[in-house]
Amino acid sequence: MSSPSSPKRPCGAPIRNWTELPEDVTAAILSRLGAIDILETAQKVCKTWYKVCKDPLMWRIVDFRDDDLPKVHDLGKMCRYAVDRSDGKLVSINLDSFATDELLKYITDSSSGIRCLRLVRCDITSEGLSAVSSRLTLLEELEISHCSVSHETLEVVGASCPLLKSLKLNSRWYSFAHEECNKHALAIAGTMHNLHHLQIFANKLTNDGLQAILDGCPPLESLDLRQCYNLNLEEDLEKRLVERIKLLRLPDDSTDDYEFDATVLEYGSDNSEPEVEFFDEMFMVDDADGEVFPWNGFVEFEDFYYFL
């Protein structure tokens, strides 16, 4: 049996020339690409595509997602170039694994209309995010995943961004160090009163912190509490959640659709010593105040060392 072949172009049918598409159609197609693909490939195809790729409207959304990041490039320099091309029209930016305080300042100094900011595994400090919060007054969506950010910074963000409707604050759960901490929950409850959507994955909050969020964020309709294992959802609290929240994810719900690695890290069950890489992933040090932060919360070094 012969293998199926692709359909042949009918005799006499015109050859499609992609460079002759209307510019708005070309822009709509190219806008589906990430920033790396546009800068490294698309704009080099032809003069027409280069012209389209230089249009500031093409750079209203800048996406440097991890899957697209080649390690050989100066991604900070490339990101600055993309921000410059937006000519102040940037509304959404996704920074994965390479952003710094300096880069975040450059972005917010250049763009006062940002509505969506996503920070994943970035070397952003609490001080750095606090310093630029006053430039994010139009921010509606914020994601901070696997970054070290203090509860004081969340308070600054909440006070500076009154339009904030969606917050993702995602961490990693370590089962060996039992700690209860409601500081982040109270910061959210005390300053982010317009939240509609909250994902607070693997946080150390307790029932008190959850109650505060429900009291302080009246519009809340979507709440993701997966791997928040300090919660003890008693009958009254669970009833309140079910009646109040339209889209609810509970601590033990499936993580199959979660974007990041949701494996619970355990240490001490076999009396073995942790590998060096384990500590590299576990610790982030904030030199400003001498504290050592595990991904899933914030404790003084002496207190945390006790559990090891």
Side-chain angles (χ1 to χ4, degrees), residues 63-69 94-97 116-122 124 141-149 151 154 165-185 187-188 192 195-211 213-214 217 220-234 237-242 244-270 274-275 277-284 293-299 307:
D63 189 357
F64 283 91
R65 196 172 295 267
D66 184 62
D67 293 342
D68 301 327
L69 302 185
N94 175 17
L95 302 173
D96 197 331
S97 304
C116 179
L117 174 62
R118 184 174 188 262
L119 303 171
V120 177
R121 294 182 290 262
C122 291
I124 300 290
E141 300 178 23
L142 174 63
E143 177 174 347
I144 306 172
S145 291
H146 302 283
C147 301
S148 174
V149 175
H151 67 278
L154 285 184
K165 296 179 180 178
S166 175
L167 174 66
K168 293 183 178 181
L169 186 68
N170 298 321
S171 302
R172 189 81 178 269
W173 188 271
Y174 293 88
S175 65
F176 58 84
H178 179 74
E179 177 202 2
E180 296 180 354
C181 181
N182 287 314
K183 292 181 179 179
H184 293 81
I188 293 169
M192 302 180 185
L195 275 187
H196 288 64
H197 310 283
L198 175 61
Q199 182 178 70
I200 188 166
F201 197 97
N203 192 270
K204 291 291 189 177
L205 82 166
T206 67
N207 287 13
D208 290 339
L210 178 55
Q211 292 276 19
I213 289 174
L214 294 176
C217 308
L220 196 63
E221 58 187 60
S222 171
L223 180 59
D224 189 343
L225 298 168
R226 284 177 292 178
Q227 292 196 6
C228 293
Y229 292 128
N230 284 340
L231 293 174
N232 178 19
L233 299 181
E234 302 163 346
L237 180 55
E238 185 169 6
K239 180 180 179 181
R240 185 182 182 191
L241 286 170
V242 172
R244 163 85 177 277
I245 307 299
K246 296 179 181 178
L247 180 58
L248 177 63
R249 310 297 294 271
L250 297 175
D252 291 316
D253 283 357
S254 171
T255 59
D256 289 346
D257 61 346
Y258 184 59
E259 180 178 356
F260 307 106
D261 184 2
T263 304
V264 174
L265 296 184
E266 300 184 12
Y267 165 61
S269 58
D270 57 358
E275 300 291 337
E277 290 81 2
F278 181 85
F279 286 102
D280 288 342
E281 180 180 2
M282 183 169 59
F283 292 133
M284 290 192 70
F293 305 122
W295 285 112
N296 60 348
F298 304 88
V299 293
F307 293 102

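Below, each value reflects all heavy atoms present in this structure, side chains not excepted, and no hydrogens, waters or symmetry copies.
Looking only at atom types and distance, the side chain of Q211 has a donor-acceptor partner in the side chain of R240 under 3.5 Å away. For the residue pair D208 and N182, no side-chain donor N or O sits within less than 3.5 Å of a side-chain acceptor on the partner.
Rounding to the nearest 0.5 Å gives a distance of 7.0 Å between CD of E259 and OG of S145. Note that the CG atom of L169 and the NE2 atom of H146 stand 10.5 Å from one another [nearest 0.5 Å]. The distance from the NE2 atom of H196 to the CG atom of L247 is 14.0 Å, given to the nearest 0.5 Å.
Taking every heavy atom of both residues into account, H151 and A187 meet most closely at O-CB, 3.5 Å. Residues L220 and S222 share a closest heavy-atom pair of CD1-O, 3.7 Å. Nearest heavy atoms, F260 versus R118: CZ-NH2, 3.7 Å. In terms of heavy-atom proximity, C181 sits nearest to N203 at O-OD1, 4.1 Å. The heavy-atom pair separating L210 from L233 by the smallest distance is CD2-CD2, 3.8 Å. Heavy atoms only, all atoms of each residue included: C217 and M192 are closest at SG-O, 3.3 Å.
Residues I245 and E221 fail the side-chain proximity criterion, which asks for heavy atoms closer than 4.5 Å. The shortest side-chain heavy-atom distance between E234 and N207 falls under the 4.5 Å cut-off. Looking at F64 and N94, their side chains never come closer than 4.5 Å, going by heavy atoms from C-beta outward. Between Y229 and K204, the closest side-chain pair of non-hydrogen atoms is not below 4.5 Å. A heavy-atom distance below 4.5 Å is not found between the side chains of L167 and H197. Side-chain contact between L117 and E143: absent, with no pair of heavy atoms (C-beta onward) separated by less than 4.5 Å. Residues D252 and L250 fail the side-chain proximity criterion, which asks for heavy atoms closer than 4.5 Å.
None of D257, D256, D253 except one satisfies the salt bridge (Lys or Arg N to Asp or Glu O under 4.0 Å) rule with R226; the exception is D257. With respect to L205, the side-chain contact (heavy atoms from CB on, under 4.5 Å) criterion is satisfied by exactly one of N230, I213, I188: I213.
N170 places no side-chain N or O within 3.5 Å of a backbone atom of I144 that could act as its donor or acceptor partner.
Electrostatic pairing of R244 and E238 does not count as a salt bridge here, judged by no charged N lying under 4.0 Å from a carboxylate O. Here K168 does not pair with D224 in a salt bridge; the nearest charged N to carboxylate O distance is not below 4.0 Å.
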Q: Start with the C-alpha distance between L231 and L225, add both sets of side-chain angles, then the distance that settles side-chain contact (heavy atoms from CB on, under 4.5 Å), and finish with yes or no.
A: CA-CA 9 Å; L231 293 174; L225 298 168; 3.9 Å; yes
(Q) Run the side-chain contact (heavy atoms from CB on, under 4.5 Å) test on L195 and K165 for me, step by step, so that the C-alpha distance in whole Å, both residues' side-chain angles and the decisive distance to 0.1 Å come before the verdict. (A) CA-CA 4 Å; L195 275 187; K165 296 179 180 178; 5.6 Å; no
(Q) Walk me through whether D96 and R121 qualify under side-chain contact (heavy atoms from CB on, under 4.5 Å). (A) CA-CA 6 Å; D96 197 331; R121 294 182 290 262; 3.3 Å; yes
Q: Take D261 and R172 through the salt bridge (Lys or Arg N to Asp or Glu O under 4.0 Å) test and state the conclusion after the steps.
A: CA-CA 8 Å; D261 184 2; R172 189 81 178 269; 3.2 Å; yes
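Using cut-offs of 30° and 60° on the angle between ring planes, the pair Y258 and F201 is parallel.
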